2 protein chains.
Amino acid sequence: METEEGPARGDITIEAVLAALDHPLRLRVVRTLAAAEELNCQEILPDITKSTASHHWKVLREAGVVEQRREGRYLYLRLRREDLDSRFPGVLDAVVRG
Amino acid sequence: METEEGPARGDITIEAVLAALDHPLRLRVVRTLAAAEELNCQEILPDITKSTASHHWKVLREAGVVEQRREGRYLYLRLRREDLDSRFPGVLDAVVRG
DNA sequence: TCAACTGTTCGATTTGATTCGAACCGTAAC
DNA sequence: GTTACGGTTCGAATCAAATCGAACAGTTGA
């Protein structure tokens, strides 16, 4: 049931993470998820066009920042907190804290 | 003698730091500086055009990632390691380690 | 089956960053 | 003085990312 399309923990690169986080919308996604564990796509970026939002999910997924779980027609996103913390300790906290 | 044109420690934002680090050349600068304390501009990016290099110094400076010291006509760059570590612990280490 | 809903993909446009050469400024050496 | 050097600034060109609408695929419920 885990629709895991992103890199394995060991394959997450700091370059991809930095690139993923260097965008206001994606930063907002990460901060929203950090406060809420797991959320549906539309709950995260309700004001953003579907295609644009989908583009950002992809960037975050491929960078290894988020993982997704599909439940029917809904998609739930969740931070890969453990993976990120173990691989780049402090980075996620710094980003969320601001 | 400190030609400090960047933000004060408390004014360094994670957004600016992420944007500064999201570039291959600037990442290379940070990693080079991390291994060498203080370096002249041309020692860091000898193969890059002056104007391009200068552009990247500016981005790194304004983000608060590096500080500079002018000695005659030479400019020496140095990581603001203490400032970054105190403000965003773990981030610089993660970036340098890769 | 059919309509409604969630999210993806495609293609085109727009936007912003990067890049470079040329001119420039300040310093150093002669 | 002048010439050489290190770095900045300016403007234009280039290139990559973001954005959007439209068409699409899969799921749900009537």
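Keep in mind that this is a model prediction, so the values were computed, not measured. Naming: A, B, ... by sequence-line order, numbering from 1 per chain.
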Q) Taking only residues two or more places apart in sequence, or in another chain, which ones meet A/E37 in a salt bridge (Lys or Arg N to Asp or Glu O under 4.0 Å)? A) none
(Q) Salt bridge or not between B/E62 and B/R26? Use side-chain N to carboxylate O under 4.0 Å. (A) no
Q | chain B footprint on DNA chain C, 5' to 3' - any atom under 4.0 Å from a heavy atom | A | C/dT18 to C/dA28
Q: Please go through A/Y74's hydrophobic cluster and name the other residues, only I, L, V, M, F, W, Y counting, with side-chain heavy atoms under 4.5 Å joining them.
A: A/Y76
Q) Nearest-Å distance, CD (B/E71) to P (D/dG6)? A) 14 Å
Q) To the nearest angstrom, how far is B/R70 atom CZ from D/dC5 atom P? A) 18 Å
Q.
Rounding to an integer number of Å, can you tell me how far A/H55 NE2 sits from D/dA18 C1'?
A. 6 Å
Q: Would you mind reading off the distance between B/H23 atom NE2 and D/dA16 atom P, rounded to a whole angstrom?
A: 11 Å
Q: Could you tell me whether the side chain of A/L27 reaches within less than 4.5 Å of the side chain of B/L18, counting heavy atoms only?
A: yes
Q. Do A/L33 and A/I44 come within less than 4.5 Å of each other through their side chains, counting heavy atoms only?
A. yes
Q: Say whether B/V59 and A/L21 are linked into one hydrophobic cluster, either directly or through other cluster members, by side-chain heavy-atom distances under 4.5 angstrom.
A: no
(Q) According to side-chain contact (heavy atoms from CB on, under 4.5 Å), who are the partners of A/Q42, at least two apart in sequence or on a separate chain? (A) A/N40
**Q.** A/R26 side chain, from C-beta outward: closest of D/dT8, D/dT19, D/dA18
**A.** D/dA18
Q. Do the side-chain N or O atoms of A/H56 get closer than 4.0 angstrom to the phosphate oxygens (OP1, OP2) of D/dT19?
A. yes
**Q.** side chain to side chain donor-acceptor pair (under 3.5 Å) against B/D83, all qualifying residues, sequence neighbours excluded
**A.** B/R9, B/R80
Q. Want to settle it: does A/L25 or A/R73 sit nearer the 5' end of DNA chain D, counting the closest nucleotide to each?
A. A/L25
Q.
Counting only heavy atoms and a strict 4.0 angstrom limit, can you tell me which residues of residues 39-54 of chain A come near DNA chain D?
A. A/T49, A/S51, A/T52
